[in-house]
Amino acid sequence: MKLLAGRKIELDILRLGSNGEGVAKLQLGDSADEKFLFTIFVPGALPGERVLARVSLVKKSYAVAELVKIIQPSEDRAQPVCPIYADCGGCQLQHYAYASQLLAKGQQVRDALERIGHLHCEVQPTLGMVSPWRYRNKMQFPVQGRKGFLEIGCYALKTHGVINTSDCLIQEEGNNRVLEAVRCWMQEFHIPAYDERPGSGLVRHVMGRTGAGGEVLAVVICTRAQVPYSDELVRILREKVPGLAGAVVNVNPKRTNIIMGQECHTLWGRDYLLDRLGDLQFRVSPLSFFQVNRAQAEVLYNIVLDLGCLCGQENVADVYCGTGTISLFLARRARKVFGIEIVAAAIRDARENALYNNIDNAEFLVGDAAEELPRLLAKGFRPDAVVVDPPRAGCEEKVLQSIMAVSPKRIVYVSCNPATLARDLGILCDKYDIIRVQPVDMFPQTTHVETVVGLVLKNK
């Protein structure tokens with residue numbers, strides 16, 4: 001069988017891919033051997049379904065096909081509750097029952113460990129939410145003016161076209177109110193949206209941040225600091241956003257895909273809000289990192305505490321510590337915590353958070369963990385446990401080697417990417433045994449999954 005673009009073909013969907021698409025296998029040769037099975041990705045299809053699909057792209061090792069008809073639907077297929085779900089790229093799994101989403105995310109972790117890390121270990125059931133909606137405390141929506149219409153929302157999947165929304169169902173309500181207030185201001189006073197092609201216009205993105213106590217911080221990302229009708233913007237925000245703590249303009253004049261600039265100007269109120277994780281309180285500013293799912297972050301952090309086996313006498317190093325949220329959780333059960341982060345602004349936030357919570361047994365260092373860990377060791381600080389929470393790219397190998405050279409009794413690895421987690425565990429398992437793999441659903445209705453892995457030093 002020759003596979004050509006435009007051809008319609010019936011397929012049995014076996015599993016979900018990492019981007020939420022259905023995965024099918026098609027025999028192209030005469031042999032039933034696995035190497036002759038061709039992979040076809042079908043967005044919108046679910047495991048267990050038989051579908052009719054039209055091939056849209058053929059590559060050397062895989063193809064992509066558009067879903068034409070569901071011949072035999074999955075029992076786990078759900079009706080999406082969002083009216084723009086089919087077009088919006090913000091969520092990928094609303095058409096899948098939530099219990100099945102959790103199973104699929106656990107399988108995603110399991111598959112990565114086996115295929116990339118060559119590790120065969122038990123993966124615990126994914127910990128989900130009681131109500132998997134309205135969980136995001138931070139919104140960053142692009143703004144686009146197109147053919148006389150103002151559109152604010154998520155990008156359409158794999159495009160830079162904005163899908164307009166007024167009520168995103170995974171956002172906390174305060175963020176949606178910010179979105180509508182800024183839309184009202186832009187429409188009433190004819191404020192131009194940014195156009196990335198010529199680099200013209202003013203408003204690039206709208207950010208809302210909602211705290212646990214109901215405070216809301218509104219941030220408008222603009223190409224310049226001078227914003228026309230700024231008093232009217234403040235008035236509309238105060239009228240439409242209950243609990244408004246402050247209104248801020250963030251300036252990003254660069255022609256880049258990076259959302260935020262480094263310059264902020266407060267139009268009204270405070271340039272931060274107060275938020276909580278457990279019994280810790282944090283000042284969250286426009287540029288601060290803070291977990292977007294507060295409830296699940298507490299679940300994840302408590303797992304980190306359990307796997308660290310802290311009883312108050314241990315020394316801990318928190319690598320890729322960011323603004324210190326995990327470090328401060330650890331400090332309550334440790335003798336001493338050193339947080340290490342290469343981003344200086346994040347360390348400034350971490351130090352402020354420690355002061356704000358009256359925690360004096362946590363110190364924060366700006367630098368490369370591969371250099372800072374040996375320095376701490378030379379100064380007599382030997383960590384009993386090391387926590388790593390790297391970005392999606394995972395840990396640099398020199399950082400992993402530095403951790404193994406220090407030889408802590410325990411390592412707790414927090415990952416937002418199963419593929420790089422599996423790669424890094426393949427290195428760490430030369431010296432460590434895995435004791436627990438725990439997926440946590442931080443982002444319901446999407447394909448993303450966080451995983452916490454506990455490792456212990458092997459007996460020699």
Side-chain angles (χ1 to χ4, degrees), residues 136-138 140 207 209 211-212 217 258-260 262 264 272-278 280-305 307-308 316-332 334 336-357 359 361-373 376 383 385-396 399-400 402-403 411-417 420-421 424 440 442-443 448-453:
R136 286 192 67 95
N137 58 48
K138 178 183 178 182
Q140 291 183 138
M207 173 192 282
R209 306 193 80 148
L217 186 65
I258 296 173
I259 294 174
M260 304 285 287
Q262 294 301 307
C264 288
Y272 66 92
L273 56 76
L274 300 176
D275 212 334
R276 301 192 71 85
L277 283 174
L280 297 175
Q281 194 167 41
F282 297 89
R283 287 172 53 134
V284 182
S285 64
L287 295 172
S288 296
F289 170 80
F290 194 75
Q291 292 284 0
V292 301
N293 187 333
R294 191 180 303 107
Q296 290 295 86
E298 291 184 20
V299 171
L300 186 146
Y301 288 5
N302 283 321
I303 295 168
V304 172
L305 285 175
L307 291 176
V316 183
D318 181 12
V319 179
Y320 304 98
C321 72
T323 55
T325 51
I326 291 181
S327 299
L328 299 182
F329 260 72
L330 296 169
R332 298 175 304 169
K336 182 74 175 182
V337 176
F338 274 100
I340 304 171
E341 171 62 59
I342 203 164
V343 179
I347 289 296
R348 285 195 297 271
D349 283 344
R351 289 168 178 163
E352 288 182 6
N353 287 330
L355 289 172
Y356 199 70
N357 287 281
I359 292 176
N361 64 330
E363 288 188 38
F364 297 96
L365 305 174
V366 180
D368 186 333
E371 299 172 1
E372 295 301 327
L373 277 174
L376 287 174
V386 170
V387 176
V388 293
D389 185 7
R392 287 192 64 80
C395 293
E396 295 178 273
V399 172
L400 296 175
S402 179
I403 292 170
I411 298 173
V412 183
Y413 193 129
V414 181
S415 169
C416 60
N417 185 343
T420 54
L421 168 68
D424 293 349
V440 179
M442 297 281 283
F443 307 99
H448 301 296
V449 60
E450 297 267 334
T451 311
V452 188
V453 180

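Only a predicted model underlies this, so the values are computations on that prediction, with no experimental measurement involved.
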Pairwise side-chain contact, Leu280 with Arg332, heavy-atom cut-off 4.5 Å (strictly under): yes
Least distance between heavy atoms, Cys416 atom then Pro390 atom: SG-O, 4.2 Å
Side-chain contact test, heavy atoms from C-beta onward, threshold under 4.5 Å: evaluate it for Leu376 versus Leu365 and give yes or no. yes
Report the C-alpha distance between Thr420 and Arg392 in whole Å, list the side-chain angles of each, state the deciding distance to 0.1 Å, and finish with yes or no for side-chain contact (heavy atoms from CB on, under 4.5 Å). CA-CA 7 Å; Thr420 54; Arg392 287 192 64 80; 5.8 Å; no
Please report the interatomic distance CZ(Arg283) to CG(Leu274), rounded to the nearest 0.5 Å. 7.5 Å
Exercise: identify the closest heavy-atom pair between Glu341 and Ala346: CG-CB, 4.0 Å
Shortest non-hydrogen pair, Asn137 vs Arg294, comes out as CB-NH2, 3.4 Å
According to the side-chain hydrogen bond (donor to acceptor under 3.5 Å, both in side chains) rule, which pairs have a member within residues 362-371, sequence neighbours left out? Lys336-Glu363, Asp368-Lys398
Rounded to the nearest 0.5 Å, how far does CD of Gln291 lie from CZ of Arg136? 10.5 Å
Is there side-chain contact between Gln296 and Leu300, with at least one heavy-atom pair below 4.5 Å? no
In terms of heavy-atom contacts, Ala385 and Gly308 come closest through CB-O, 4.5 Å
Does Val399 form a side-chain contact (heavy atoms from CB on, under 4.5 Å) with Val319? I'd like the steps, not just the answer. CA-CA 9 Å; Val399 172; Val319 179; 4.1 Å; yes
Mind checking whether Phe338 and Pro383 have side chains closer than 4.5 Å, heavy atoms only? no
Is it the case that the side chain of Asn353 and the backbone of Thr323 share a donor-acceptor pair, with hydrogens and angles ignored and the cut-off at 3.5 Å? yes
How long is the span from the CG atom in Asn417 to the CD atom in Glu450, to the nearest 0.5 Å? 10.0 Å
Counterpart residues, ring-ring contact (aromatic ring centres under 6.0 Å, His included), relative to Tyr413 (two or more places apart): none
Separation between CG (Asp318) and OG1 (Thr325), nearest 0.5 Å, reads 8.0 Å
To the nearest 0.5 Å, tell me how far Met260 CE sits from Met207 CE. 4.0 Å
Please report the shortest heavy-atom distance between Cys321 and Phe364, naming the atom on each side. SG-CD2, 3.9 Å
Report the residues that fulfil ring-ring contact (aromatic ring centres under 6.0 Å, His included) with Phe282, sequence neighbours left out, ordered by chain and then residue number. Phe290
What I'd like to find out is whether the side chain of Asn361 reaches to under 4.5 Å of the side chain of Ile359, using heavy atoms alone. yes
Taking the side chain as every heavy atom from C-beta outward, state whether Val387 and Val304 have any pair of such atoms under 4.5 Å apart. yes
Counting C-beta onward and ignoring hydrogens, is there a side-chain heavy-atom pair between Leu330 and Leu305 closer than 4.5 Å? yes
Closest approach of Asn293 and Met442, non-hydrogen atoms and distance? ND2-O, 2.9 Å
Going from NZ on Lys138 to CZ on Phe289, what distance comes out if it is rounded to the nearest 0.5 angstrom? 8.0 Å
Are Val292 and Phe443 packed together at the side-chain level, in the sense that at least one heavy-atom pair is separated by less than 4.5 angstrom? yes
